[in-house]
Amino acid sequence: MEQNGPIGLIDSGIGGFTVLKELQMRLPNENYIYFGDSKRMPYGERENEELICLGNAIIKNLEGRGVKTIVLACNTLSSLISEFTSQVPLFSVIEAGVQETLSCREQGLVGLIATIATVKNKGYERELGLLTTEIEYIAQGTHTLGKVINDGQGDLKILKSNIREAVEPILLRGVKKGMIIEDLLLGCTHFPIVAGTIRKMYPELNLINPAEGLVRLLEENLQENDGFNPGEAAFVTQILTTGDFEIFENMISELELNCDSLEMTKLKGFA
Ligand code: DGL
């Protein structure tokens with residue numbers, strides 16, 4: 001592993017910033033390149049075939065920029081991880097989300113809100129099934145919440161009604177199974193951006209953010225492979241977007257991300 005190569009991150013838009021933020025805080029001596037494919041957001045409404053082509057193209061793009069490892073900071077892409085070809089280690093935010101689930105619960109039901117594609121692909125259920133049969137996800141897909149957040153959240157009323165539409169069916173399905181849902185996994189990297197609003201609406205729910213588990217997975221891998229950046233030079237974060245420059249600028253400042261350069265870019269092979 002090229003120790004001073006940057007860590008690449010991929011998302012459809014600004015959602016992966018929630019993962020980047022966590023990484024910058026916990027692994028500050030690393031360089032980062034973030035690729036946000038805003039032009040084609042929302043990924044959650046796209047077909048798998050197209051998502052696989054997009055994911056592979058972005059992975060190739062980042063490999064060309066010398067990354068030492070790639071984090072799929074997007075649950076939708078992570079639900080298709082076995083379909084991607086990569087020369088460097090690939091990390092899935094879904095694997096991290098399952099680890100986080102197991103660290104707060106041993107059995108019972110856990111609510112999961114995610115994009116339509118993530119829910120359809122059953123990435124969480126597959127990953128969880130490898131480790132336990134004692135926990136069951138009650139999953140609800142949302143067509144719109146990720147996009148509302150990506151577009152700057154707009155009217156609070158609209159945001160809240162989108163959150164309600166995603167969360168209420170989960171609570172109801174819990175009740176039908178005779179259980180009260182206590183944990184809600186935020187299965188789209190856009191959702192932690194509005195965790196404060198979700199918490200105010202549902203103070204009884206414990207929110208699970210996969211980003212925390214992701215840092216742990218990555219840290220372990222870098223440790224095992226002697227992959228930490230040994231450099232003492234200034235550490236650099238480069239952010240690339242295929243659209244929505246202003247939304248990126250605003251969110252970088254709202255989340256107080258370290259960002260040395262923000263650039264518009266194109267994805268080879270896509271209009
Ligand atoms: N942030 C992404 C995820 O975690 C995708 C949102 C979207 O583009 O639909 O799934």
Side-chain angles (χ1 to χ4, degrees), residues 8-23 34-55 57-59 70-81 83-84 90-98 100-101 111-127 137 139-153 159 162-163 165-166 184-195 198 207-214 217 239-244 247-248 251-252 255 257 267 270:
L9 290 98
I10 304 176
D11 185 44
S12 61
I14 53 162
F17 282 177
T18 58
V19 180
L20 179 61
K21 176 79 193 169
E22 204 68 28
L23 284 171
Y34 181 99
F35 194 110
D37 191 15
S38 244
K39 190 169 182 194
R40 281 159 284 267
M41 203 270 164
Y43 272 13
E45 299 295 301
R46 293 184 183 272
E47 295 299 327
N48 284 350
E49 209 177 310
E50 192 183 3
L51 290 168
I52 293 165
C53 290
L54 286 167
I58 302 174
I59 288 169
I70 294 177
V71 173
L72 298 175
C74 170
N75 291 263
T76 308
L77 291 180
S78 296
S79 73
L80 294 165
I81 190 165
E83 306 291 337
F84 298 126
L90 260 193
F91 288 86
S92 147
V93 83
I94 288 188
E95 185 184 347
V98 167
E100 283 300 291
T101 305
L112 164 65
I113 48 175
T115 66
I116 298 296
T118 300
V119 172
K120 193 183 72 194
N121 291 334
K122 295 196 176 299
Y124 271 98
E125 289 81 352
R126 236 186 356 260
E127 194 67 42
Y137 284 122
Q140 180 66 38
T142 153
H143 287 285
T144 47
L145 182 54
K147 181 87 176 111
V148 167
I149 297 168
N150 205 75
D151 291 349
Q153 303 164 44
L159 173 65
N162 273 275
I163 292 172
E165 269 174 38
L184 181 69
L185 199 158
L186 306 179
C188 168
T189 50
H190 282 74
F191 300 168
I193 293 173
V194 296
I198 303 177
L207 302 184
I208 304 173
N209 179 2
E212 290 158 28
L214 197 282
L217 285 178
I239 297 183
L240 306 165
T241 172
T242 55
D244 295 339
I247 290 175
F248 271 60
M251 196 48 72
I252 288 166
L255 294 179
L257 289 173
L267 189 57
F270 294 85

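Note that ligands are numbered from 1 as they come in the structure, with each ligand's atoms numbered from 1 the same way. It should be emphasised that the depicted structure is a prediction, and the values quoted were computed from it without experimental measurement. In this chain, residues are counted from 1 in sequence order.
With sequence neighbours excluded, the residues forming a salt bridge (charged side-chain N to carboxylate O under 4.0 Å, His left out) with E22 are R26, listed by chain and number.
When heavy-atom distances to ligand 1 are checked against 4.0 Å, the residues falling inside are D11, S12, M41, P42, Y43, G44, C74, N75, T76, T115, C188, T189, H190, ordered by chain and number.
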Item to check | Worked verdict on F84 versus I70 for side chain to side chain contact (heavy atoms under 4.5 Å, CB included) | outcome: CA-CA 11 Å; F84 298 126; I70 294 177; over 6 Å; no
Checklist entry - Would E95 and I81 satisfy side chain to side chain contact (heavy atoms under 4.5 Å, CB included), going step by step from the backbone distance to the final call? => result CA-CA 10 Å; E95 185 184 347; I81 190 165; over 6 Å; no
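Using a 4.5 Å cut-off on side-chain heavy atoms (C-beta onward), V194 and V148 make no contact.
Relative orientation of the F248 and F17 rings is perpendicular, given thresholds of 30° and 60° on the angle between their planes.
Paired with Y43 under the rule side chain to side chain donor-acceptor pair (under 3.5 Å), one option of D11, T115, D37 passes, and it is D37.
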